[in-house]
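Here the structure is laid out as structure tokens; the discussion comes afterwards.
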Amino acid sequence: MVRVYALAVLYKGVNSATVLKAAYDLQSFSFFQRSSVQEFMTFISKTVVERTQPASRQSVKEGEYMLQVYVRADNLAGVLISDQEYPNRVAHTLITKFLDEFAAKVPPNNWPTANETTIDFPVLPQYLAKYQNPKEADALTKIQNDLDETKIILHDTIKAVLERGEKLDDLVEKSDSLTMHSKAFYKTARKTNSCCNF
Amino acid sequence: MEEDKFALVEKIIKDVHNVLSKIADLYAFDVVPMDINFQNKSPVLHLENCLGLESWCVKHVYMYCYSELMDKYSPKFKRKSKKISNIDSDRLIRLLNVTILLNPEINSLWNKRRDLVLGLLLDKTVELHFIRLVLSRKPKCNEAFVYRRWLLETIFQEENYERNSIEHLINDELIICDLASDKSPNNYHSWNHRIWLLNKVKTISTYYDPNALYIKEYNSSEKWTSKHVSDFSCFHYHQYCIKNLYNLCNDSWKSLEKTLNINFRKNLVRVLASNFPKDVTIQASEENLLGYSEENLMNLLLSYSNKICNCIVNYVPMCKKIEILFHALVLNNELICFYKYHETLWYHRRFILHEIISIMYEHFGLVRYNGALVKKNCKICNFDDMRQKQAKIGRYDTNHIYSSVLFNVILSHEKQIIEERQKDGDPNADRHEKYLKFVEGFNNVM
């Protein structure tokens, strides 16, 4: 399956990251899970951005999902959540592209204080729909192929991104941004993943 | 305390039953994770045409319904008193609904439903909706698919079936399969169900022309495979669709090209022209080849036939087969280069090549038997060539295959892609080379 679930622009502040704009495609999840899945995707995006050095790219694999993150030197960050088949190269070029556009549209001095409601950047949902087919994006990746020298660091699980001594379970438990419902959802997902799945 | 719990469970069963009475509008069922009942509300959720059940109550409800079903309705005790009364059946249906939604992998329960359908106590259309709900939560539930096929069989057997209701049924099935395949990757059961459906349509084709369906299915499976590059179940279905196209009549062929918006002949000729062996005396350009008739083109590609029988060879279907397979090969090239390192794509490539090669063997009147090529007797005209010595003829024939233009085109095409992918470090390329050498038996020509 080739599918993009979410695109997000974040700002990496001193202690924590804030979401500036995000778009989600959660059609493939069951109706009752969607709100939890969305909360969770936002939570993970923030967590990973906070743990990524400025001016670097990472690809994090977790189960059947893949999270691509790029934090620019000026602390603007982009996240793309897809499944494993979505080509990394295409994903990172797409992130570069929408971050450039975002930076051109929204002045940098607004970034630290802004939030999702105050920012006017309506193109993310369009991109999300258009680049469900990575071949669409390929035309643009060919140009960028040799432009970008930043190496993509690949991680096989989210554990590798977390700092020493940190556990995802604890982070989820402590988080204020997740509702009770989402925490219960996370626990159940944990349990079902651990048993055999054909 | 215990009594309270029973009363609660009874209420849940009733609530679920009420929601299910509007089953035609419902499209999904799910268990919603919720550790404790802290709001003291009914755990049955009905939102935007979805039915949900909070997880804290699942254990109690399931145990209660399951034990009542097994105690009161199990055939073990009353094999003789079989007749289910109306009041009984209403209770039975309520219990079955809840239990099956929660755990659809119990065949005894589905069999109970079969009994009820046969006794006209359950409506078949409603049942189809119910299975859809079950599949929305467990898209890989084989029991549900089996029951669905059983229902459809009985529906198809009803004689007064009109043409457009059959079309409607078929469309619904295709939608269900799409949903189930989308929800869970490598869903063998849903693709298998789809193949069953198409085979079924073949047998009732007095009402229905299957060719249009084949074209539609080929088109959609081609799109699906190009977006699900590691799902072999859908590739297998795609291969089934390719085989369905082999025997299309001329009109259907035209509508196929129109639907896909491609010219098969042009595609074939392009591949041929760019891979022609250098030492061939007939140097044909792309434009020249387009002017060839099917027979001339096949004669150029396979030049020689040593079938020693009197059957007349029809080159048109053969040419079509090769056109379809080359189209598939070109698509596969694109996918392999774009989505790197996907084993499934290489397996699909094996299928395509195997098909092309079997067309060649067929043409030369050979068959692969225990790894060696032997002569095949023509079954149609029963020509007796047993008098000739097989070993000698075998070697003679393989030389003809390996020197034919088609074979050389394929070989150069494969070598090219293997080399290109090896440079990129794709381990599947080496495997593909080995496959061609040792499974298809090209080790002395590669």
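When all heavy atoms are compared, the tightest approach of B:Phe338 to A:Pro134 is CZ-O, 3.6 Å. Residue A:Glu85 comes nearest to B:Tyr339 through the heavy atom pair O-CD2, 3.7 Å, listed as atom of the first residue, atom of the second, then distance.
Using a 4.5 Å cut-off between heavy atoms, B:Leu51 contacts chain A through its backbone alone, with no side-chain atom that close. No part of B:Leu179 comes within reach of chain A, as not one of its non-hydrogen atoms sits under 4.5 angstrom from that chain.
Contact of the B:Pro33 side chain with the A:Gln33 side chain is not registered, since no non-hydrogen atoms from C-beta on lie closer than 4.5 Å.
In the displayed structure, B:Tyr66 atom OH is contacted under 6.0 Å by at most 12 heavy atoms of other residues, nucleotides or ligands. Within a 6.0 Å radius of CD in B:Glu419, no more than 12 heavy atoms belonging to other residues, nucleotides or ligands are found. Residue A:Lys105 qualifies as enclosed at atom NZ: its count of foreign heavy atoms under 6.0 Å is above 12. Residue B:His236 places its NE2 atom among 12 or fewer non-hydrogen atoms of other residues, nucleotides or ligands, all under 6.0 Å distant. In B:Tyr62, the OH atom is crowded: over 12 heavy atoms of neighbouring residues, nucleotides or ligands sit closer than 6.0 Å.
For the atom pair B:His228 NE2 and A:Asp83 CG, the distance stands at 8.5 Å (nearest 0.5 Å). Note that CG of B:Asp182 is 4.5 Å distant from CZ of A:Arg3, once rounded to the nearest 0.5 Å. Distance check, rounded to the nearest 0.5 Å: CZ of A:Arg89 to NZ of B:Lys340 gives 5.5 Å.
Among the candidates B:Leu53, B:Val31, B:Val32, the single residue satisfying the side chain to side chain contact (heavy atoms under 4.5 Å, CB included) test with A:Phe32 is B:Val32.
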